[in-house]
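In what follows, a single structure is set out as C-alpha cells and then discussed.
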Amino acid sequence: MDNIVFSIGITALAGALAAVAGAAENVESDIGSQGDPNSQVQLAPQMGYIHRIYNKAIAGEPPAWGLWIALGAGIAWAFMAMQINPILAIVLGAGLATFVQGVYSTTAYLGRTASLSKFGQPVYIDIIKSMTTVTMAHAFVAIFATVTLCHLMNAALGHPFPLPLLGLVWGIALGAAGSATGNPYYGKERQYQTQNFGAGVPISASGNIVRYAEAGERNSLDNGYFTSKLGGAAAGVCFGLIVFLELWRTVLFEKVGAGWGAIIVGVIIILVFTVIDRYIEVWARKNYGPYTKPTEETAS
Amino acid sequence: MSVKIEVIEGGMPHQKILIAGLVLAVIGLYLSYLNVIVGTQMFAFFGGLAAIAALIWGSHTIKILASYGIGTGVPSAGMIAFGSGVIAFLFATKYGLYAPIVAIILAAVIGAILGYLANEVLAMHIPVMIKSLTEMAVVGALTLMGFSAMISGSFTFSALTTGSMKVLGMSLPSYQASYIGGALIATVFMLGAIAIQHGFNACLGPGWKQDRMLMLVAECGFLSMMVAAVMSAALISPAAAILSFLIGLVGWYYTYMKYIELSKRDAAAWLDLKPIPEVEGH
Amino acid sequence: MSALGGAKPAGGATGIAPVPAVISLVIFVIIFALMYMVGTPLAMTALIGIVIGGLLIGFGVHFVPVGGAPAAMGQAPGIATGVAMLAAGGGLAGLFGGAWAASQGTLVAVVTGAIGGGLMLAITCFFVNFVYIYGMGIPAASGKVKKDPITGDSQVEYKSQGTEGHGLPFVSFTGGVIGGLLGGAGGTLIYLMLLDVYQASLPGIMKATAVQIQPIAVSLAGMFAIGIFLVIAVLAAYNITGTIEGPHDPKFKRFPRALIACAVASALCGVMAILLVMV
C-alpha cells in the first residue's frame with residue numbers, strides 16, 4: 001500500500017513538472033520563433049516585409065528538444081556517476097544544455113539572416129542581445145523540469161531505461177506535443193494578427209506578418225507575452241496530461257489482470273478523449289456555423 | 001518552405017571535402033587508438049577531432065542532397081544518417097583495431113541499400129540520393145565512433161561497456177556506469193544529428209555561402225566536443241577530460257568568432273537598436 | 001520541389017515499380033538466408049519480429065495527419081510538425097510504456113506500447129483541436145474530401161476562404177490515434193526482440209551474469225530500437241513527401257511501396273543488430 005501511495009505521489013509530481021515543462025517549451029519556441037511558423041519569418045523579407053523577429057531555425061522542435069533534454073540528462077548522469085548530489089547534477093546538466101541551446105540560437109539567427117541579405121533584411125544585434133537570454137531562461141526551466149521527471153521515472157518508479165535514454169524519449173515527445181499545440185496559435189493568431197479572427201490565413205497573405213504593433217515595432221518578446229496566455233498553457237496541460245496519464249495508468253493498474261488492467265484503462269482514456277474531441281468539433285460546427293452556404297460548393 | 005535553393009557555385013568541390021573528411025576522421029580515430037597501445041587516456045581528444053572532420057563532410061553532403069528538393073525537411077536527413085550510422089558503429093566496435101574500417105564498409109552498405117530503397121522503391125528519383133545516403137551513413141558511424149572514443153577512452157566494445165563504480169571507497173568494475181550501460185550514446189546520437197544538419201539548415205537561403213556553412217559546422221562540432229568532454233569526466237581520467245575540454249573550448253571560441261565575422265561580411269546590414277528600414281512598396 | 005530529371009516509374013506515382021520491388025525482394029531473401037546460416041532460432045524469430053515491427057511503424061506513419069508549415073497558419077489541416085518526428089514522438093512515448101511492461105510478456109508489452117503511443121497522439125490531437133476551436137475560433141475542415149468518411153459531416157462550407165482546410169476533422173483525429181497505436185507497437189516489438197537476443201547472448205560473450213549485463217542489454221536494445229524507428233519513420237516520410245491529411249488523403253494509397261521499403265530496411269538494420277552478438 002505504501003508503495004502505491006509513494007508511486008502516486010511521484011506520478012503527481014512528474015505530471016506537474018511536465019506541465020511546467022510543456023508551457024516553458026512552447027513559450028521558448030515562440031520567443032525564438034522555431035518550428036513551422038518560422039517559415040513565415042523566413043518568407044517575410046523575401047516578400048518585402050522586413051522585420052525584427054528572432055529567426056531561430058534549429059531543426060524542428062522535436063529533434064531540437066530531444067537534443068537539449070538528452071544533453072541535460074547525459075551531463076546529469078555523468079555528474080551522478082561521479083557521486084555528485086542528484087539535484088546539483090540536474091541543475092548543472094540543465095545549465096550546460098541551456099548554454100548549448102543559447103549558442104545554437106545565436107548561430108541560427110545570424111546564419112539565416114545573413115543568407116537573406118539579398119532582400120535587405122538586416123542583422124539586429126540588439127535582438128540577439130535581448131531575446132537570446134529570454135529563450136535560454138525558458139529553455140532552462142523546461143530542461144530542468146523534464147530531466148527531473150526523467151530522473152524520477154528512473155530512480156523512484158524503477159523504469160529500466162537509463163537517464164540519457166529517457167531524456168531522449170521524453171525530449172522528442174515534449175517537442176512533438178508542444179509544437180503541435182503551440183505552433184498554430186503563434187503562427188495564425190499572433191504572426192497574422194491583422195487577418196480576420198475565426199478563419200485561416202488565405203494563401204495570398206503569406207509573408208505579410210505583423211511587424212508594427214501595439215508596442216512599437218514588434219519583436220519576439222511581444223510574441224512570447226501573447227502566446228503564453230493560451231498556447232503556452234495548452235501545451236503545458238497537454239504534455240502534463242500525457243506524462244501523468246501514462247504514469248498513472250501504469251502505476252495503479254499494471255498489477256491488475258497481469259498487465260491487461262493498465263491496457264484496458266488506457267483504451268478507456270483514449271475513448272474518453274475521442275468523445276470529448278468529437279463533442280468540441282460538433283460544438284464548433286454548430287456555434288460558429290459554416291463560412292458559405294452549403295449548396296454553393298465552389299472550391300475556395 | 002518556398003525558399004528557392006540553388007545548386008552550389010564555386011567554393012571547394014564536394015569530392016575534395018569528402019576525401020578530406022574521410023581521411024582526417026580515420027586518422028583521428030586511429031590516433032585516439034594510441035590510448036589502447038600506450039595504456040593512457042590522454043589521446044581521447046583525437047576522437048572528438050575526428051568526429052568534427054566527419055561532421056563537416058556530412059553537412060556538405062546534406063547541402064548537395066537538399067539542393068534537389070527532397071520534400072521533407074533537412075533535419076530528417078540528419079536522423080537517417082545517424083539512425084543507420086549507429087547500427088554500423090555498434091557492430092564495428094567488436095573488431096578492435098579494424099573497427100573504423102569495418103564501420104565505414106558496413107555503413108556504406110547500409111546507406112547504399114537505404115538510398116536504393118528511397119530512390120527506386122519510393123520513387124524519389126533524385127540523382128544523388130544513393131551516393132548521399134551512403135555518405136551520410138558513413139559520416140554518422142564515424143561521428144558516433146569519434147565522440148564515443150572521446151568519452152570512454154577508445155572505440156572498442158570492452159571500453160564502451162565497462163566503467164567503474166565507487167562503492168565504499170573502492171573502485172569496482174560496473175557495466176551500469178559505462179558509456180553504453182548508461183546510454184550516453186543517446187546523447188551523442190542527438191548531438192551529432194543536430195550538429196550535422198544545423199550547418200546547412202541555419203545558413204539556408206539565397207545568400208548561402210560555403211565557407212560560412214563549413215565554419216558553422218566546425219563551431220557546432222567543437223561545442224559538442226566541449227559538452228562531450230564534460231560527460232567524459234565520469235568515465236576517463238580527469239586530466240584527459242580537462243584536456244579534451246580545453247581543446248574543445250579553444251576550437252569553439254575560434255570558430256564562433258570567425259563565424260560571427262563571416263556573418264557580418266555577408267549580412268545586408270549589421271544594426272544595433274535601429275528601426276525597420278523602409279523598403280519601397282511596403 | 002520535384003526531383004531534377006525524374007522519370008515516372010512504370011507503376012505511376014502511387015504504384016509499385018516492378019524492377020525495384022523484385023530487387024528489394026532479393027535483398028530481403030539474402031538477409032534472411034544470412035540469418036538462417038549464421039544465427040540461432042531465437043535470432044531468426046527476433047529478425048521476423050523486427051521486420052513486423054518495421055512494417056507496423058512504416059504503416060502507422062501514413063496515418064498521422066501532418067500539415068507542416070501551412071497548418072501553422074490555419075491554411076491546411078493537420079498537425080503543424082514534421083511527419084517523422086511527430087511519429088517518433090508518439091512511438092517513443094509508446095516504447096517507454098512498452099519497455100516498462102517488458103517483464104510481463106511480449107504480447108502484453110507490445111499492446112501496452114501501442115496504447116502508450118495512441119494515448120500520446122490522442123491527447124495531442126485533442127489539444128490541437130482545442131487550440132484551433134477555442135483559441136482561434138476555427139472549426140475543423142478537410143480540404144481533400146467533401147464529407148468526412150467516418151462522421152459524414154460535410155467539409156466544404158466549413159473551410160475558410162483561401163485555405164485548404166484547417167484543424168483536425170474526426171477522420172484525421174482517428175488517423176492520428178491509429179498511427180500512434182501502430183508506431184508504439186512497432187517500436188516496442190523491435191525493442192523486445194533485441195532485448196531477448198541480447199539477454200540470451202551477452203552473458204556468454206562478456207563472461208558475466210545475466211543480472212550484471214542487464215543495463216548493457218537494455219541500453220543497446222533501446223538505442224537500436226530508436227535508431228531503427230527513426231530510419232523507418234524518415235523513409236515513410238519520404239514516401240509521403242511532407243504533408244498528409246490522414247487516412248482519407250489520396251497520398252495514403254502510396255503505402256504499399258513504403259511497406260516494401262520498410263520491410264527491407266528493418267530487415268537490414270535488424271540483422272546487423274542481431275549479428276552484433278552472433279559473429
Report summary line: Interface check, chain A: of C/Leu86, C/Leu230, C/Asn129, most non-hydrogen pairs under 4.5 Å belong to C/Asn129
Query - Pairs of heavy atoms under 4.5 Å with chain A: top-ranked of C/Thr174, C/Leu119, C/Leu107, C/Ile79 - result: C/Leu119
**Report entry** Region of C/Phe173 in contact with chain A, defined by heavy-atom distances below 4.5 Å
**Finding:** side chain
Query raised in the report: Which pair of heavy atoms, one from A/Pro184 and one from C/Ala71, lies closest together, and at what distance?
Result: CB-O, 4.1 Å
Query - Toward chain A, the part of C/Ala80 with a non-hydrogen atom under 4.5 Å - result: both
Query - Engaged part of A/Tyr288 at the chain C interface, taking heavy atoms whose separation is under 4.5 Å - result: side chain
Requested in this report: Among C/Met85, C/Met120, C/Met136, single out the residue with the greatest number of heavy-atom pairs under 4.5 Å to chain A.
Outcome: C/Met136
Query raised in the report: Where does C/Leu121 contact chain A at under 4.5 Å (heavy atoms): side chain, backbone, both or neither?
Result: neither
Query raised in the report: Looking at A/Tyr192 and C/Met73, what are the two nearest heavy atoms and their distance?
Result: CE1-SD, 3.3 Å
**Report entry** Closest non-hydrogen atom pair, C/Val131 against A/Ala234
**Finding:** CG2-CB, 3.8 Å
Report task. Name the option with the most non-hydrogen atom pairs under 4.5 Å to chain C; the candidates are A/Gln195, A/Met153, A/Gln191. Result -> A/Met153
Requested in this report: Could you tell me whether a side-chain N or O of A/Glu281 sits under 3.5 Å from a main-chain N or O of C/Ile133, the two making a donor and an acceptor?
Outcome: no
Query raised in the report: For A/Ala180, is it the side chain, the backbone, both, or neither that has a heavy atom closer than 4.5 Å to a heavy atom of chain C?
Result: both
**Report entry** Over 12 foreign heavy atoms within 6.0 Å of CZ, A/Phe197
**Finding:** yes
**Report entry** Contact class of A/Gln40 relative to chain C, heavy atoms under 4.5 angstrom
**Finding:** side chain
Report task. With sequence neighbours left out, write down each residue that passes salt bridge (Lys or Arg N to Asp or Glu O under 4.0 Å) with A/Glu246, or none if nothing qualifies. Result -> A/Arg249
Requested in this report: Name the option with the most non-hydrogen atom pairs under 4.5 Å to chain C; the candidates are A/Pro63, A/Pro37, A/Pro162.
Outcome: A/Pro63
**Report entry** Nearest-0.5 Å distance that lies between atom CD1 in A/Ile263 and atom CD1 in C/Ile115
**Finding:** 6.5 Å
Requested in this report: Side chain from CB out, backbone as N, CA, C, O: work out which of these in C/Tyr191 comes under 4.5 Å of a heavy atom of chain A, or both, or neither.
Outcome: side chain
Query raised in the report: When heavy-atom pairs shorter than 4.5 Å are enumerated against chain C, which of A/Ile269, A/Val201, A/Leu157 gives the highest number?
Result: A/Val201
Report task. Name the member of C/Ala140, C/Ala99, C/Gly222, C/Gly82 that forms the most heavy-atom pairs with chain A at distances under 4.5 Å. Result -> C/Ala99
Query raised in the report: What pair of heavy atoms forms the shortest contact from A/Ser206 to C/Gln75, and how long is it?
Result: OG-NE2, 3.6 Å
Report task. Can you measure from CD1 (C/Ile150) to CZ (A/Arg278) and round to the nearest 0.5 angstrom? Result -> 9.5 Å
Requested in this report: Pick one of side chain, backbone, both or neither for C/Ile123, based on which atoms fall under 4.5 Å of a heavy atom in chain A.
Outcome: both
Query raised in the report: Which one, C/Gly74, C/Ala114, C/Ala101, C/Ala72, leads in non-hydrogen pairs under 4.5 Å with chain A?
Result: C/Ala72
Requested in this report: Using a 4.5 Å cut-off on heavy atoms from C-beta on, say whether the side chain of C/Pro139 contacts that of A/Tyr291.
Outcome: yes
Query raised in the report: Would you say C/Leu95 and A/Phe161 make side-chain contact, with heavy atoms under 4.5 Å?
Result: yes
Query raised in the report: Judged by atom type as modelled, is there a donor-acceptor pair below 3.5 Å linking the side chain of A/Thr181 to the main-chain atoms of C/Phe127?
Result: no
Query raised in the report: According to the interplanar angle, ranging from 0 to 90°, do the rings of A/Trp283 and C/Tyr134 count as parallel (below 30°), tilted (30 to 60°) or perpendicular (above 60°)?
Result: tilted
Query raised in the report: Measuring from A/Glu254:CD to C/Trp100:CH2, what's the distance to the nearest 0.5 Å?
Result: 6.5 Å
Query raised in the report: Top residue by heavy-atom pair count (under 4.5 Å) with chain C, among A/Asn287, A/Val237, A/Leu166, A/Val243?
Result: A/Val237
Query raised in the report: So how far is it from C/Thr124 OG1 to A/Phe273 CZ, rounded to the nearest 0.5 Å?
Result: 9.5 Å
Query raised in the report: Measuring heavy-atom distances to chain C, does A/Ile203 have an atom under 4.5 Å in its side chain, in its backbone, in both, or in neither?
Result: both
Query raised in the report: Looking at A/Ala199, A/Ala284, A/Ala176, A/Gly187, which makes the most heavy-atom pairs under 4.5 Å with chain C?
Result: A/Ala199
Query raised in the report: Hey, which of C/Gly116, C/Ala122, C/Ala93 has the most heavy atom pairs under 4.5 Å with chain A?
Result: C/Gly116
Requested in this report: Would you check if the side chain of C/Glu157 reaches a backbone N or O of A/Pro290 as a donor-acceptor pair within less than 3.5 Å?
Outcome: no
**Report entry** Partner chain C: residue of A/Leu241, A/Ile276, A/Thr274 with the largest heavy-atom pair count (under 4.5 Å)
**Finding:** A/Thr274
Report task. Check for a donor-acceptor pair, side chain of A/Asp36 on one end and backbone N or O of C/Thr81 on the other, with a separation under 3.5 Å. Result -> yes
Query raised in the report: Where on C/Val177 is there a heavy atom nearer than 4.5 Å to chain A: the side chain, the backbone, both, or neither?
Result: side chain
Query raised in the report: By a 4.5 Å heavy-atom criterion (distance strictly below it), what part of A/Ser204 contacts chain C: side chain, backbone, both, or neither?
Result: neither
Report task. Kindly say whether C/Phe96 contributes a backbone atom to a donor-acceptor pair with the side chain of A/His159 at under 3.5 angstrom? Result -> yes
